[in-house]
Amino acid sequence: INHPPPSLGMNRMLRATLAGVVALCLFAGAAVVFGTGTYTPQAPVAAAPTPNDTPTRPQRALEMRAAMKNRISTTEKALSELEELRHELQRADLERKQLTEIVHTLQRELDQEKEKKAATSCPPLPPPCDCQPCPSATAVASQNSATCPPSAQFSTAADFVPTTMREVIDWETFDEKMIFSWRRYWNAMKLMGVTEVEVKKVLDQAKAAVSKVGSGFKFLTGHMRVDRLRGAEYLLDFARGNEYQRVSLYRPFGATLLPSSNPTAPDAHKRKLHIIMPLSGRLPMLELFLSNFEKEALGSGRPPVELTVVYMMHNPRPEDVQQLDAITTMLDQFRVKHKIGVNLLNLNHDFSRGVGLEAGVHFLPDKEAAMFFVDVDMRFSQDFLVRCRSNMAPGKRAYFPIVWSFYRNKTMTVKQDNGAWRNYGLGMVCVYKSDFLRQGGYDKTIKGWGREDVNFYEQAVQQHKIEVFRATDPGIMHLYHSKACDDNLTPQQFSDCMGSKADWEGTKKDLGKQLAEYQLSLKRLQAELDAAD
């Protein structure tokens, strides 16, 4: 194929363009040679990868392993930081607990300081009252005399001191449901009405007071009485395991409840209690007594006790000697089984309760021994032993519990128609040996049944050496048994014996029923005799 020749104009343009390019190249080369300018070579541009340049499988594995190592290192670093943070939080929590304990300690010290300050001052009452009675005036008499007006001072010492049995103000015993009083009810009665409200308020304040000692304390029983010259008085016992606390309160007339003195010995519930029992014969009854003793007085963690039996017989018959041998064997076995102190004293003497108890008292080597006098026909509970220890105090107080006595053929439950309070019975006593001897002890000239306890009680009331604590106690009970009143007793003893015998045959209803049955039997017998004639 023949192409037409280029035009003359285009040839000229091509030649001119080529000439310009050649001139430019020559100028650039000259600049490099003679240093008239700089020349910076450009990095070669990489050619686009071809299909043969794709990474191989081993290369990808190495890259993934490197990435995993990097991620593991990052995770371990984060875990280390979290662990340090946890330790910091633990240290902060420990510091918070320490600060909380310091705050509680300061609060307790502040409360104690407030109580101490309140005990030495008379806080004002709203009009029209000017000032309420000062608590524990005997302890802060000097401060009160300077800070309180005479009308505001309240002495915890009684203005009236009893001199006869009838003048002693007995205490009533209560728990959260029942009240035991021989004066008002002659038996046990459910709390109700104003008495229920009174007990609830007292119990609430006592629980608040004992909570300051610690938690876990449970209310056992309480005592209360009204002294018309002082006001209402309350004693409440609490227990936490084998630890006991007593709260003592009183309500002066026209004032709120205030703390009062508590003469119970600090170690009362750790001391050994010596139980002393006079005895003559009555082997089956002793066996029942020891069964009750084992259940209520012994056991792991309970305060220590020791039993002393004073056995009396004079001119014994062969059967009396056999019975004494059986009693000796029984007590020896009881001692070995329970590994406690069990003492048997033999007296060649006609039975005399006062003589037997005196011998048991003098047998104890400890001058400050805590003692409980008991008879073989009594039954007591563990709670009673707590009150026995709480209600006596060395050099200050002896406890004469008012015993519940069962009628004939009644179940052993403290309730109406089953029995009544033996308000004139004074033979069961909780007293320290030193106080018993300081009062003169029992009259050993008395023979046979009764009067030695009454004489000792009257001495305690009249001599004012120790306080007489008298209260109903549902935890100590007298079992019914037939009673024979000896003709050789003194007139007073015989009268007391016959009165005791008549009281516990039954209620008036029971006696009336027996009398009606007896009269009906006489009528039938008379009818049979008339028919036979």
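Counting begins at 1 with the first residue of the sequence. Keep in mind that this is a model prediction, so the values were computed, not measured. In what follows, every heavy atom counts, from backbone to side chain, and hydrogens, waters and symmetry copies are set aside.
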Give a yes or no answer on whether the side chain of [X] reaches the backbone of [Y] with a donor-acceptor pair at less than 3.5 Å.
X    : Y    : result
S211 : A208 : yes
R240 : S215 : yes
Q439 : F456 : no
R225 : I169 : yes
D267 : K270 : no
E296 : Q382 : yes
E167 : T163 : yes
N242 : G301 : yes
D435 : G395 : yes
S390 : V386 : yes

- Query: Picking from I275, I276, L357, D366, what satisfies side-chain contact (heavy atoms from CB on, under 4.5 Å) with M371?
  - Reply: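 Answer to the side-chain contact (heavy atoms from CB on, under 4.5 Å) test with M371 among I275, I276, L357, D366: I276.
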
Report yes if some heavy atom in the side chain of [X] is under 4.5 Å from a heavy atom in the side chain of [Y]; otherwise report no.
X    : Y    : value
R397 : M392 : no
M378 : H478 : yes
L437 : H362 : yes
Y244 : L220 : yes
R302 : L385 : no
M224 : V202 : no
F289 : M277 : yes
L288 : N292 : no

- Message: Test side chain to side chain contact (heavy atoms under 4.5 Å, CB included) on L279 and I327; report intermediate values, then the result.
- Response: CA-CA 10 Å; L279 184 65; I327 289 174; 4.2 Å; yes

- Message: Tell me if the aromatic rings of F436 and F373 count as close, with their centers under 6.0 Å from one another.
- Response: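 So the answer is yes for these two rings.
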
- Looking at the rings of Y480 and F406, which for Trp means the six-membered one, are their centres under 6.0 Å apart?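 Distance test on ring centres: not under 6.0 Å, no.
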
For [X] and [Y], work out which heavy atoms get closest and say how close.
X    : Y    : value
M428 : V374 : SD-CA, 3.7 Å
S280 : F351 : CB-CD1, 3.7 Å
P162 : H464 : O-NE2, 3.2 Å
L283 : A326 : CD2-CB, 3.9 Å
C388 : F372 : SG-CB, 4.1 Å
A268 : R389 : O-CD, 3.2 Å

- Dump the intermediate steps for side chain to side chain contact (heavy atoms under 4.5 Å, CB included) on F384 and C430, then the final yes or no. CA-CA 11 Å; F384 165 76; C430 297; 4.1 Å; yes

- Query: Looking at Y457, Y399, F400, which hits ring-ring contact (aromatic ring centres under 6.0 Å, His included) with F469?
  - Reply: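 Output: one option passes, namely Y399.
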
- Query: What distance do D170 atom CG and I402 atom CD1 have between them, rounded to the nearest 0.5 Å?
  - Reply: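 Between D170 CG and I402 CD1, I get 4.0 Å after rounding to 0.5 Å.
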
Before accepting this row, confirm whether a basic side-chain N of the pair [X]/[Y] lies closer than 4.0 Å to the acidic partner's carboxylate O.
X    : Y    : answer
D375 : R353 : yes
D204 : K201 : no
E101 : R108 : yes

- Step-by-step side chain to side chain contact (heavy atoms under 4.5 Å, CB included) determination, F180 to D473: CA-CA 7 Å; F180 308 94; D473 198 316; over 6 Å; no

- Would you say E287 has more than 12 foreign heavy atoms packed within less than 6.0 Å of its CD?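 Open.
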
- Query: Is the NZ atom of K465 crowded by more than 12 outside heavy atoms at less than 6.0 Å?
  - Reply: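 Above 12, so yes.
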
- Carefully, step by step, assess H223 and R387 under the rule side chain to side chain contact (heavy atoms under 4.5 Å, CB included). CA-CA 10 Å; H223 305 293; R387 290 188 288 272; 3.9 Å; yes

- When you check the side-chain N and O atoms of Q459 and N455, is any donor under 3.5 Å from an acceptor?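 Result is no, nothing qualifies.
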
- Does the side chain of R470 come under 3.5 Å of the side chain of N423 through a donor N or O and an acceptor N or O?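 Note: R470 and N423 side chains miss the donor-acceptor criterion.
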
